Amino acid sequence: MSDFFSDLLRATSHGLVLPREDDDAINRYVAMHAGDRTNVESRPFPRQVDFWAFCIATALALKLEPRDGSISRWGKTFIYTNQGIVDNDLASLLAIVAVAKIGLDDPGVTESRRIVELANRLAAAGCPEVLRKLQNSPLRTTPLDQALEFARSLQEQAYDDS
């Protein structure tokens, strides 16, 4: 299934989007260059797509509603799906999210445009929560520590809700 979805998403050009108003804050936590892993503690996300995926997972764990409104008004595209950014793991996540949110019986569940739009809206919903957590760093706690602790708490919450 993941090959199908990753092939589907790579075959089309859809922008992956994060909230424009949070661009500067997001860039503080994302490595800006491909070999720039020297400061992983302050920039725990190697790529914006990793931050985007974490925001989607956050929105799902916290049961946030996808962000409303025209994406062109609030969103900023950081990469396109046909640029090879969608690997099988990310495609699997997006497929599971699409089935859960759109529904297995809906013919749109395999429409790449709808899958990416839903993912973008969920990423936008989770983004403020992720940034709030990363920016709330007590003394001697790095953004990496905060991201890992937040991920653990989301995982515990997801297990408690099951």
Side-chain angles (χ1 to χ4, degrees), residues 1-40 43-131 133-134 143-144 147-148 150-151 154-155 158:
M1 180 165 98
S2 62
D3 287 346
F4 169 78
F5 277 101
S6 60
D7 290 346
L8 176 71
L9 294 171
R10 279 191 294 250
T12 56
S13 181
H14 301 292
L16 301 187
V17 173
L18 285 164
R20 182 179 291 111
E21 69 266 14
D22 295 324
D23 192 46
D24 289 338
I26 292 165
N27 288 333
R28 280 197 294 273
Y29 302 109
V30 175
M32 299 309 287
H33 308 288
D36 182 19
R37 298 302 296 149
T38 56
N39 202 353
V40 70
R43 293 180 184 255
F45 298 95
R47 305 169 302 168
Q48 278 191 320
V49 71
D50 301 314
F51 181 86
W52 180 80
F54 190 70
C55 290
I56 293 169
T58 298
L60 294 170
L62 297 178
K63 298 180 177 151
L64 302 175
E65 289 297 315
R67 184 167 178 171
D68 287 334
S70 170
I71 290 177
S72 63
R73 289 187 179 254
W74 55 258
K76 179 181 177 190
T77 301
F78 62 90
I79 200 162
Y80 291 88
T81 55
N82 64 343
Q83 291 178 279
I85 200 75
V86 181
D87 61 18
N88 286 350
D89 292 334
L90 181 55
S92 293
L93 169 70
L94 299 180
I96 291 167
V97 170
V99 168
K101 294 289 189 181
I102 297 172
L104 189 57
D105 296 331
D106 188 314
V109 76
T110 58
E111 290 178 18
S112 60
R113 177 193 56 78
R114 284 192 66 193
I115 294 168
V116 173
E117 181 177 342
L118 173 62
N120 283 332
R121 291 179 182 284
L122 286 168
C127 183
E129 298 299 322
V130 172
L131 290 174
K133 194 65 169 175
L134 292 174
L144 177 61
L148 293 172
F150 189 43
L154 291 174
Q155 184 179 30

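All values derive from a computational prediction rather than experimental measurement.
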C127 and C55 have their tightest heavy-atom pair at CA-SG, 3.5 Å
A61 and L154: which non-hydrogen atoms are nearest, and at how many Å? CB-CD2, 3.8 Å
From OH (Y29) to CG (D22), nearest 0.5 Å: 11.0 Å
Quick check against the 3.5 Å criterion: does R20 have a side-chain atom that pairs as donor or acceptor with the backbone of G75? yes
Minimum-distance pair of heavy atoms, taken over all atoms of G15 and T77: CA-CG2, 3.6 Å
With distance as the sole test, does R114 use its side chain to make a donor-acceptor pair with the main-chain N or O of V109 at under 3.5 Å? no
Hey, what do you get for CD (Q48) to NZ (K76), rounding to the nearest 0.5 Å? 7.0 Å
Nearest-0.5 Å distance, CG of residue N120 to CD1 of residue I56: 7.5 Å
Mind checking the CG-CD1 spacing from L60 to I96? Nearest 0.5 Å is all I need. 10.0 Å
One pair to check against side-chain contact (heavy atoms from CB on, under 4.5 Å): L64 and L122. What are the steps and the verdict? CA-CA 8 Å; L64 302 175; L122 286 168; over 6 Å; no
So, the side chain of R67 versus the backbone of G126: is there a donor-acceptor pair under 3.5 Å, distance only? no
Within the distance-only criterion (no hydrogens, no angle test), does the side chain of W74 pair as donor or acceptor with the backbone N or O of D68 below 3.5 angstrom? yes
Can you confirm whether R47 sits close enough to I85 that some side-chain heavy atom of one is under 4.5 Å from a side-chain heavy atom of the other? yes
Side chain proximity check, L90 to W52, heavy atoms < 4.5 angstrom: yes
Atom CG of L134 and atom CZ of F150: how far apart are they, to the nearest 0.5 Å? 8.0 Å
Shortest non-hydrogen contact between Y80 and S13, atoms and distance: CD2-OG, 3.5 Å
Take T12 and T81, measure what side-chain contact (heavy atoms from CB on, under 4.5 Å) needs, and give me the verdict at the end. CA-CA 7 Å; T12 56; T81 55; 4.0 Å; yes
Mind listing the closest non-hydrogen atom pair of S6 and N88 along with its distance? OG-OD1, 2.6 Å
Distance col, row S112:OG vs R10:CZ, nearest 0.5 angstrom, shows 13.0 Å
Salt-bridge test for E129 and K133: reply yes if a basic N is under 4.0 Å from a carboxylate O, no otherwise. no
If you take all heavy atoms of I26 and F51, which pair is closest and at what distance? CG1-CE2, 3.6 Å
Would you say the side-chain atoms of R113 pair up with the backbone N or O of H14, donor to acceptor, closer than 3.5 Å? no
Can a donor-acceptor pair be found, under 3.5 Å and without considering hydrogens, that links the side chain of D50 to the backbone of F45? no
